[in-house]
Asks: 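Got a structure for you, questions after.
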Amino acid sequence: MSPTIFQPDEQLTSKAYQLMPYSAAINLQIGTDSQNRRLYSLPFAPQNIGNIFLPALHGGLIGGFLQSCINLYLMEQQNLSEPARIIDYTTDYLLSGKALDSYAQCQIMHVGKRISHVTVTMWQNQSDKPIAFARAHLQMPAIAE
């Protein structure tokens, strides 16, 4: 499996930093892959290590990254002006996140007027070997009439 090709989109990333300051704090990057699909990147930084003996990424960082990806993706795909409110969120930690760049891709499972369901998969070297998976049910923002 070839390494993930990530092409950053500085305009989308800058917008995300304004909407969600946490995404700036973790240096979340928004872009596309070689097939022009939306990708999110978490570039490796030493402060992201939670277990210095492995070393492994901090689980809270992984969860926060995935949660941010879900909300940013839903906002972009549904043209929302504000983030949806998370009702229920679950992260499955599958493998230790190594001291490497990480990537994530989201999928909208259902969009309704009130509730939406989005999943996200995170990997490092190979997209077919995920390190974490998350799912969220979100309450959609009220639409002004």
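What you see is a predicted model, and the numbers here were worked out from it, not measured in a lab.
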Asks: What's the separation between atom CZ in R37 and atom CG in D33, rounded to the nearest 0.5 Å?
Replies: 4.0 Å
Asks: Indicate yes or no: at least one non-hydrogen side-chain atom of Q67 is less than 4.5 angstrom from one of V120.
Replies: no
Asks: Is there a donor-acceptor pair under 3.5 Å between the side chain of R114 and the backbone N or O of M140?
Replies: no
Asks: Of all heavy-atom pairs between F65 and A104, which one has the smallest distance, and what is that distance?
Replies: CE2-CB, 3.7 Å
Asks: Would you say that L57 contacts S102 through its side chain, given a criterion of any heavy-atom pair below 4.5 Å between the two side chains?
Replies: yes
Asks: Check whether any side-chain N or O of Y103 sits under 3.5 Å from a backbone N or O of T121 as a donor-acceptor pair, and report yes or no.
Replies: no
Asks: I'd like to know if the side chain of S23 reaches the main chain of M20, judged simply by a donor and an acceptor atom lying under 3.5 Å from each other, with no hydrogens or angles considered.
Replies: yes
Asks: Hey, mind stepping through I108 and Q77 against side chain to side chain contact (heavy atoms under 4.5 Å, CB included) and telling me if it holds?
Replies: CA-CA 9 Å; I108 295 176; Q77 297 300 308; 3.7 Å; yes
Asks: If you take all heavy atoms of H58 and G60, which pair is closest and at what distance?
Replies: ND1-N, 2.8 Å
Asks: Please report the interatomic distance CD1(I62) to CG(L94), rounded to the nearest 0.5 Å.
Replies: 9.5 Å
Asks: Between the side chain of S68 and the main-chain N/O of G64, is any donor-acceptor distance below 3.5 Å?
Replies: yes
Asks: Give, for atom NE2 of H117 and atom CG of D88, the distance between the pair rounded to the nearest 0.5 Å.
Replies: 8.0 Å
Asks: Find the distance between CG (D101) and OG1 (T4) and round it off to the nearest 0.5 Å.
Replies: 9.5 Å
Asks: Test of understanding: clusters of I, L, V, M, F, W, Y form through side-chain heavy atoms closer than 4.5 Å, transitively. Do I86 and L19 belong to the same one?
Replies: yes
Asks: I'd like to check L74 versus S116 (side-chain heavy atoms, cut-off strictly below 4.5 Å). Are they in contact?
Replies: yes
Asks: Honestly curious: do M109 and I115 fall in one hydrophobic cluster under the side-chain, below-4.5 Å linking rule?
Replies: no
Asks: Is there side-chain contact between T91 and F133, with at least one heavy-atom pair below 4.5 Å?
Replies: no
Asks: Do you reckon I30 sits in the same ILVMFWY cluster as L39, going by side-chain contacts under 4.5 Å, direct or chained?
Replies: no
Asks: So which heavy atom on I131 is nearest to which on G97, and how close?
Replies: CD1-CA, 3.8 Å
Asks: Verify the distance criterion only: is there a donor paired with an acceptor across the side chains of Q7 and D9 at less than 3.5 Å?
Replies: no
Asks: Please determine whether residues F6 and L28 belong to a single hydrophobic cluster, defined as Ile, Leu, Val, Met, Phe, Trp and Tyr linked transitively by side-chain heavy-atom distances below 4.5 Å.
Replies: no
Asks: For the pair Y73 (side chain) and Q105 (backbone), establish whether a donor and an acceptor sit closer than 3.5 Å, ignoring hydrogens and angles.
Replies: no
Asks: Within this structure, what is the CG-OH distance for the pair L12 and Y40, rounded to the nearest 0.5 Å?
Replies: 8.0 Å
Asks: If you take all heavy atoms of A136 and Y89, which pair is closest and at what distance?
Replies: CB-CD1, 4.0 Å
Asks: When the side chains of residues 43-54 are checked against the rest of the protein, which donor-acceptor pairs come out under 3.5 Å, sequence neighbours left out?
Replies:
residue	atom	partner	partner atom	Å
N51	OD1	F53	N	2.8
N51	OD1	L54	N	3.4

Asks: How far does CD1 of I87 sit from CD of Q139, to the nearest 0.5 angstrom?
Replies: 5.5 Å
Asks: Look at the side-chain heavy atoms of Ile, Leu, Val, Met, Phe, Trp and Tyr, link any pair under 4.5 Å apart, and say whether W123 and V118 land in one connected group.
Replies: no
Asks: Whether the side chain of Q29 engages the backbone of N27 through a donor-acceptor N/O pair (distance < 3.5 Å, no angle test) should be reported.
Replies: yes
Asks: To check you understand the geometry: which heavy-atom pair defines the closest contact between M122 and L66, and what is its length?
Replies: CB-CD2, 3.6 Å
